[in-house]
Structure formats: C-alpha cells, structure tokens
Protein chains: 2
Amino acid sequence: MLGRMSRGTIREVLPRRDIIHEGVDPGAVRLILEGWACRYKSLPDGRRQTLAFFIPGDLCDPHVYLLRKMDHSIGAITHLKYAEIGRAQMDAMTERYPRISQAIHWNELVSASIQREWILNMGQRNAHEHLAHLMVELFHRLRAVGLTSGATCPFPLTQNDLADATGLTCVHVNRVMLDLRHDGLVEIDHRELRIPDLARLEKAALFNPAYLHLDHEGAELDERSMLPANLSTS
Amino acid sequence: MLGRMSRGTIREVLPRRDIIHEGVDPGAVRLILEGWACRYKSLPDGRRQTLAFFIPGDLCDPHVYLLRKMDHSIGAITHLKYAEIGRAQMDAMTERYPRISQAIHWNELVSASIQREWILNMGQRNAHEHLAHLMVELFHRLRAVGLTSGATCPFPLTQNDLADATGLTCVHVNRVMLDLRHDGLVEIDHRELRIPDLARLEKAALFNPAYLHLDHEGAELDERSMLPANLSTS
DNA sequence: CGGGTAATTGACCCGGGTCAACAGCAGTGG
DNA sequence: CCACTGCTGTTGACCCGGGTCAATTACCCG
C-alpha cells in the first residue's frame, strides 16, 4: 500500500549524492525501492561516520511527525530509486490502516536495535570480527527481502564505505578483507558478495541473530510487504 | 499521569544488580524515578559494552508492544527506584491519553538519536573527545530534568563504567580523566561532577546539542513531566 | 581493623593509523 | 583506437593511541 499511494512521487538520484542533509526538515518519509543508501554524520573537521545502511524496503527516517530537524544526513551509495511519502499522505494512510503505523513503528525499533549492535561492534569487536559481522548482517537483511540468491548477494560497498562504517582506515579495511578472503570466509567480485559457509563467517563474527528480530509476529507487514514486487500483485 | 497510575508497582533494586536480562520478555515498561541505570550487551567471551545510561525520567524499553524479547540487558548502577507499568495498564493509558503515546514515541526517537551520536563517538572521536562528550551529554540531560545545580551534577559512574561505555580500558580512562582534570575541564569529587566552563568542555568534545532535540514542540509532555515532582502537583 | 572496591602508576606491547606510492580498470573525449 | 583521468584496491615502512599486566595506593563501610 505504501508503494501504491506514493506512486506519484518516485524519485531517483545518482550514486554518491546526498538525499537529505543534517539540519533540514525531512518533510517526508522515504521508502527505498532500488539501490543502497546510508545514514551518516560528520564532525566539523571532516571525520565522517556511517550510522546505517539502507537497502530496498527500508524506510529512512519515519519520524517525520515528531522530529522536524534531521540530526544526520542520508546519502545514496548506488544509483537509487525511492518513494517520497509526504506528511499529509502519511497521516491519511496510517489513519486508514492502523497496522501500517504499527509496521513502521516496528521498523523503527529494529533499526534502533541494529544501531545498538553497531555500538557493540565498534566498542568490543576487533577489525576482523567487525567487518565479518557487517557482512553477515547485510546478508541476512538482504535475504529477508529476497535479494540474495543462494550464497550470493549484491555488495556495492567500496572499502572506503566499509571504513566509514566501521571507524577503520581504508588501508586497514583492505588488509582485513584480504585476510577474510584468504581464510575463505568471503569472496567479493564485481560488487557481489559470496559467503561460502555462512555458519563459519557468523562464528568468526560472534554473530547472534536475535537483534535483527526476524522472528516477529505480524511478519506480513514488514519490509518485505512494502517492496514493489509484492505491492504490484496486491 | 504515568507516575500516578503506576503508583502500585514501584520497585527498588540494589546497585550493580540486573533489572532485566537479554532474551526475556520485558513484560512491562519501566520509568526510572531515582538513581542511574544502564543498557548493555555482552559478547560470549565476556567483553561488555554499555549502550546507554538511564537517569530519572527515562523510560527503559517502551517497546513492550512489539518486541517480546529483550535484545540487551538493563542493570542498575546506583541504588535504583523505578515504576513498572504493565502492558495492559499501558494500553489503557495510551488509549485514554493519546498524547502520552506520542510522548513515549518522542522519547524513543531521542534515544535512537543519542545512540547514533554514540556511534559517532566510538568511530570518530578519540578518547579525550569521547569522554568529554559523554560528560557534556549527561550534564545536559540531567539539567533537562532539573537534576543539576549550577555547574554541578551527580555523577555516580566509576571509571570502569566509563570504560564500558566508551570501549576503552579503565586504565586509559583513568589517564584521560586525569588529563581533563589537569586541563581544568572537569572536577570530580565524591560522585559529583563540576564543569567550570561548559562551553570550553563542549568545544573539547566537539559537542553539537542538536541531536538531543531539546527544542522540540510539546515539551510539556517530555521526560520532565513524567517525574514524580511534577506529577505530584497535577 | 579488615576486606573490597575504585583510582592511580609504570613498563612494555600491539592493533590499527599514517603516509606515500603504485596497479587495475572503467569511463570519456579526441 | 588510444591517451587521459579518476576511482578503487593493494602494498610497504614506519608510528602512535590505547591496551596489557601487575603493583600500589586511596577509600569506604561495617
């Protein structure tokens, strides 16, 4: 439904362009349809930290109602297609279909849980564990929206992106990724990631899937059902 | 209102005891009335990371509705007094007073924003900036609920707590705190923190208050109004 | 006074950062 | 078709912020 109602306001942006910048009123909720984006913050001297990755089916900042000033920015990683759903439109929709509002809230809670895991990543996991964890997480999330095929999934992130997300240097990311590849934990080729043995990578990452809350009640309302593929058949 | 309706289920716990543990159903929302607590996660090998500090007026995990399994634990730091508000009670309340539900949602969003700033802290700020930032943040939050007096606020955190929260070692926390004290940025004595020159500390921390969203609309419904002091007068 | 927690200190080490160069490759314009 | 440009990945040499280990010194409280 989200998709259908917003059919009039599909937007596209080029890779590496910002969608919204810190400080402005988001004005609308954005539903990623195709491509990857990220949430990030930076310090006045240029240091930059990625806070989250968005994949198709994700909502950027569904809190338009309450926070009128972005406390971070959102940028496209790949070529990106997203639906922009204005505040009024959103109100009308959630009033008509209360379960949508619940689904959105659920989405926010899972995002917050992922953010917490990221804090654990940065504070306690070392570079190898951290990068392995990030790849496992993305693989699970992509699989949940049907974007994996077998042990393979799209992986448009550069080593620089990985550095921004982990707080490491891209030089060190490079070394660690070489290690992980030499250990046969991952294979990356042409922006595709293959995980030959997921269980082994998860072990190396100290991965515990609980925080993704993939087992929730009301799964029919989650990100999956917001994807165009599902929407077009309804 | 939150306070009054929950008058029947005030609980107290000793310092350093857990309130809820990862994996269990929270069953209720908890409103901190007195003392400090923290949210934390740990890895199987014992590494531990604090994800957030709770001060009076904060809600722990207001998402009882949707997530039935804690993905982290909550522990008391000091002697703690909190109100436990059951799911049914909560439903009744939010149905009667929709603005409470909004206030809770707002609270969640601010918590998420703080979590994001913590990711920035861990990824980009160095030890000095990080610790300075943490103290500035806590000072602002305490002031927002009327728990500061002048340049002073309660500060029950041990250097070990600071280490858990920043991902540093307590040895290094010790050294950095000595530096900050020698630089006249903070004074700590008898579990009290004094900030002689807030602006200077903020500068050292690269602090930007925007993420705390202290300027929101509907301030009358925020944490402040949930404190017993205010409730008793209504 | 005794036991436990919290703070402090010193010597030494290592994960990851810095700097600088270079290689591979895609896109672009001539 | 090729030279040029720019981004991404890779590598080496060296450095430093923060970690590790192990004492020692306040405190605090019964």
Side-chain angles (χ1 to χ4, degrees), chain A residues 14-17 36 43 45-50 75-79 121-135 154-182 186-193 204, chain B residues 14-17 36 43 45-50 75-79 121-135 154-182 186-193 204:
Chain A
L14 294 175
R16 309 292 159 185
R17 287 268 190 285
W36 289 34
L43 292 177
D45 60 10
R47 281 177 274 176
R48 171 189 170 116
Q49 177 68 44
T50 294
I77 288 175
T78 64
H79 180 94
N121 279 340
M122 313 212 65
Q124 304 301 326
R125 281 188 246 256
N126 63 31
H128 287 77
E129 293 162 349
H130 194 166
L131 282 166
H133 194 277
L134 181 54
M135 287 184 287
F155 198 75
L157 303 180
T158 66
Q159 295 187 346
N160 225 310
D161 293 327
L162 292 173
D164 283 347
T166 53
L168 301 166
T169 314
C170 64
V171 175
H172 198 62
V173 166
N174 180 274
R175 293 186 179 139
V176 172
M177 293 300 288
L178 286 177
D179 286 349
L180 295 178
R181 266 150 43 191
H182 287 153
V186 300
E187 295 164 23
I188 297 188
D189 196 43
H190 287 285
R191 311 284 136 183
E192 277 229 328
L193 166 67
Chain B
L14 294 174
R16 308 293 160 186
R17 288 269 191 282
W36 290 34
L43 292 176
D45 60 11
R47 279 175 276 176
R48 171 189 171 116
Q49 176 67 45
T50 294
I77 288 175
T78 63
H79 179 93
N121 279 340
M122 313 212 65
Q124 304 301 326
R125 281 190 247 256
N126 64 29
H128 287 76
E129 293 162 348
H130 192 166
L131 282 167
H133 194 276
L134 181 54
M135 288 184 286
F155 198 74
L157 303 179
T158 66
Q159 294 187 348
N160 225 309
D161 293 327
L162 292 173
D164 284 346
T166 52
L168 301 166
T169 315
C170 63
V171 175
H172 198 63
V173 166
N174 180 273
R175 291 186 181 139
V176 173
M177 292 300 287
L178 285 177
D179 285 349
L180 295 179
R181 267 151 42 192
H182 287 154
V186 299
E187 294 164 24
I188 296 186
D189 196 44
H190 287 287
R191 312 283 137 185
E192 278 229 328
L193 166 67

Side chain to side chain contact (heavy atoms under 4.5 Å, CB included) between B:Asn121 and A:Met122, worked out: CA-CA 10 Å; B:Asn121 279 340; A:Met122 313 212 65; over 6 Å; no
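Between atom CD1 of residue A:Ile77 and atom OG1 of residue A:Thr50 there is a gap of 6.5 Å, rounded to the nearest 0.5 Å.
Annotation: side-chain contact (heavy atoms from CB on, under 4.5 Å) contacts of B:Ala204 (sequence neighbours excluded): B:Leu185. Applying the side chain to side chain donor-acceptor pair (under 3.5 Å) test to A:Asp189 and every residue at least two apart in sequence or in another chain returns nothing. Under the rule for a side chain to side chain donor-acceptor pair (under 3.5 Å), A:Glu192 has no partner lying at least two apart in sequence or in another chain. Here A:His133 pairs with A:Phe207, A:Tyr211 under the ring-ring contact (aromatic ring centres under 6.0 Å, His included) rule; sequence neighbours left out. Contacts of B:Pro15 classified as side-chain contact (heavy atoms from CB on, under 4.5 Å), with partners at least two apart in sequence or in another chain: B:His79.
Minimum heavy-atom separation, B:Arg125 to A:Leu43: NH1-CD2, 3.4 Å. Minimum interatomic distance between B:Trp36 and B:Pro154 (heavy atoms only, all atoms of both residues): CZ2-O, 3.5 Å.
Five base pairs at each end of the helix from C:dC1-D:dG30 to C:dG30-D:dC1 define two local axes, and these are offset by 40° (rounded to 10°).
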Listing time: all N or O pairs from protein to nucleotides 28-30 of chain D that are below 3.5 Å?
none

Could you pull out all donor-acceptor pairs under 3.5 Å where a side-chain atom in residues 165-182 of chain B meets a protein atom, sequence neighbours excluded?
{"from": "B:Thr166", "atom 1": "OG1", "to": "B:Leu162", "atom 2": "O", "distance (Å)": "2.7"}
{"from": "B:Thr166", "atom 1": "OG1", "to": "B:Ala163", "atom 2": "O", "distance (Å)": "3.4"}
{"from": "B:Thr166", "atom 1": "OG1", "to": "B:Leu168", "atom 2": "N", "distance (Å)": "3.4"}
{"from": "B:Asn174", "atom 1": "ND2", "to": "B:Gln159", "atom 2": "OE1", "distance (Å)": "2.9"}
{"from": "B:Asp179", "atom 1": "OD2", "to": "B:His128", "atom 2": "NE2", "distance (Å)": "2.8"}
{"from": "B:His182", "atom 1": "ND1", "to": "B:Leu178", "atom 2": "O", "distance (Å)": "3.4"}

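Counting only residues at least two apart or on different chains, the salt bridge (charged side-chain N to carboxylate O under 4.0 Å, His left out) pairs with a member in residues 154-173 of chain B are B:Arg16-B:Asp161, B:Arg48-B:Asp164.
In terms of phosphate contacts, B:Arg191 brings no side-chain nitrogen or oxygen within less than 4.0 Å of OP1 or OP2 of D:dC27.
The nucleotide range of DNA chain C contacted by chain B, defined by atoms under 4.0 angstrom from heavy atoms of the protein and reported 5' to 3', is C:dA6 to C:dA11.
Of the residues in residues 157-174 of chain A, those placing a heavy atom less than 4.0 Å from an atom of DNA chain D are A:Thr158, A:Gln159, A:Val171, A:Asn174, in numerical order.
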